[in-house]
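Worksheet: the structure to be examined is printed underneath.
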Amino acid sequence: MDQALFLHGARDARVQPLELREGRPHETLLDVAAVGICGSDLHYYKDGGIGSARIMAPFVPGHEFGGYLCEDVPELGLKRGALVAVDPNRSCGQCEWCLVGHCNLCPKVEFIGAPPFDGAMTNRIWVPKSQVVPLPEAMGALEAAMLEPLGVAIHAVDLAKPRLLERVALLGAGPIGLLILQTLKVAGAGDVHVIEPLDHRRAAALELGAKTAAATIDDFVRGESKGGCPLVVEATNSPRGFRDAVLAARIGGRLILAGIPDGDSYTLPASEARRRGLKLKFVRRMGDDYPRAIGLVSSGRVNVTAVVTHRESLRKAPELFEALAEGRPGYLKALLHPNGENGGA
Ligand SMILES: [Zn+2]
Ligand SMILES: [Zn+2]
């Protein structure tokens with residue numbers, strides 16, 4: 001029988017047998033090749049939910065994934081055994097938000113890997129054919145799994161609209177932060193100043209093109225701030241992320257909030273934000289960004305491999321969740337290979 005990683009509640013992750021459900025006519029079956037552990041999965045693990053979205057019954061996370069087709073899919077011109085990615089987002093296509101193009105904000109969205117919809121931390125998964133993303137030949141399982149987080153980074157940079165050579169402060173150099181960093185550079189941003197408490201993440205940021213990397217907002221303000229940056233992108237999991245973003249911004253600056261704070265609350269000094277007259281945008285998931293994510297990876301303009309530090313079997317998933325939740329040194333993105341690193345069709 002297939003195995004899956006189940007989240008039962010806060011700090012309770014277990015690998016258990018999963019009986020594969022029946023497929024539906026619009027679906028196709030995949031052998032999961034690689035699936036990433038996302039910061040949002042860690043919120044379910046740490047807090048038992050995100051805001052009002054709670055774990056009501058044990059569920060299988062996993063929305064960043066690629067897999068091998070178990071059958072030909074002629075509609076997509078794909079053969080059995082082809083490696084594909086999957087867009088986890090299925091919006092209704094009919095509500096007023098979908099109709100104006102904000103499919104990422106659809107209240108009726110069905111999102112693979114968000115409760116109650118089981119995700120890809122398992123051996124096999126049925127997915128709607130309409131959400132299958134064909135990939136170029138040269139792409140591997142790691143890249144396939146990294147396209148979803150890269151899509152989130154692209155969406156954040158789209159909202160940020162960096163001006164040519166504009167100075168940017170980037171809070172948080174986790175996997176999403178590091179993908180945003182690289183995408184900002186592609187989009188023409190200038191010096192990117194990273195603020196990140198973990199040593200190895202600051203080192204990764206410098207490696208991937210950050211101009212400077214400060215451990216705290218105070219260090220940044222004392223050092224490279226020069227009155228703050230006109231553009232600030234926040235990609236932390238900290239309740240202080242919003243506050244730090246405000247303090248990193250200069251008067252009239254723009255803030256892009258991409259992170260999800262632990263405990264679902266921010267602490268914010270109102271006067272600091274108001275006096276600066278800041279403009280603010282929140283990031284939720286992404287739009288139709290797979291083609292560009294594939295383009296950035298295939299052309300080598302964004303290095304997704306550098307963001308992946310751990311590749312393990314499903315059995316190791318509970319340990320990885322704990323290590324990531326603790327913010328242990330040395331961890332960036334962790335991928336699971338439920339069928340082994342070369343497993344699958
Ligand atoms: Zn994610
Ligand atoms: Zn909708």
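Whatever order the structure lists them in is the order used to number ligands and atoms, beginning at 1.
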T28 and its side chain to side chain donor-acceptor pair (under 3.5 Å) partner, picked from R80, E71, K129, Q131: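 The side chain to side chain donor-acceptor pair (under 3.5 Å) with T28 is passed solely by E71 among R80, E71, K129, Q131.
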task: Determine which of the N, O or S atoms in E64 is closest to the Zn ion (ligand 1) and give its atom name.
output: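 Looking only at N, O and S atoms of E64, the one nearest the Zn ion (ligand 1) is named OE2.
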statement: Note: SG(C98)-the Zn ion (ligand 2)-SG(C106) angle, rounded to 10 degrees, equals 110°
query: What's the SG-the Zn ion (ligand 2)-SG angle here (C92, C95), rounded to 10 degrees?
result: 110°
Passing option when F321 is tested against Y44, F6, Y45, Y331 for ring pair (Phe, Tyr, Trp, His ring centres under 6.0 Å):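 Result for ring pair (Phe, Tyr, Trp, His ring centres under 6.0 Å) with F321: Y45.
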task: Locate the shortest heavy-atom distance separating A249 from R276; write the atom from each residue and the value.
output: O-NE, 2.7 Å
task: Indicate whether any N or O donor in one side chain lies under 3.5 Å from an N or O acceptor in the other, for H310 and E319.
output: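 No.
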- prompt: Roughly, to 10 degrees, what angle do C38 atom SG and H63 atom NE2 form around the Zn ion (ligand 1)?
  reply: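 C38 SG and H63 NE2 form an angle of 100° at the Zn ion (ligand 1).
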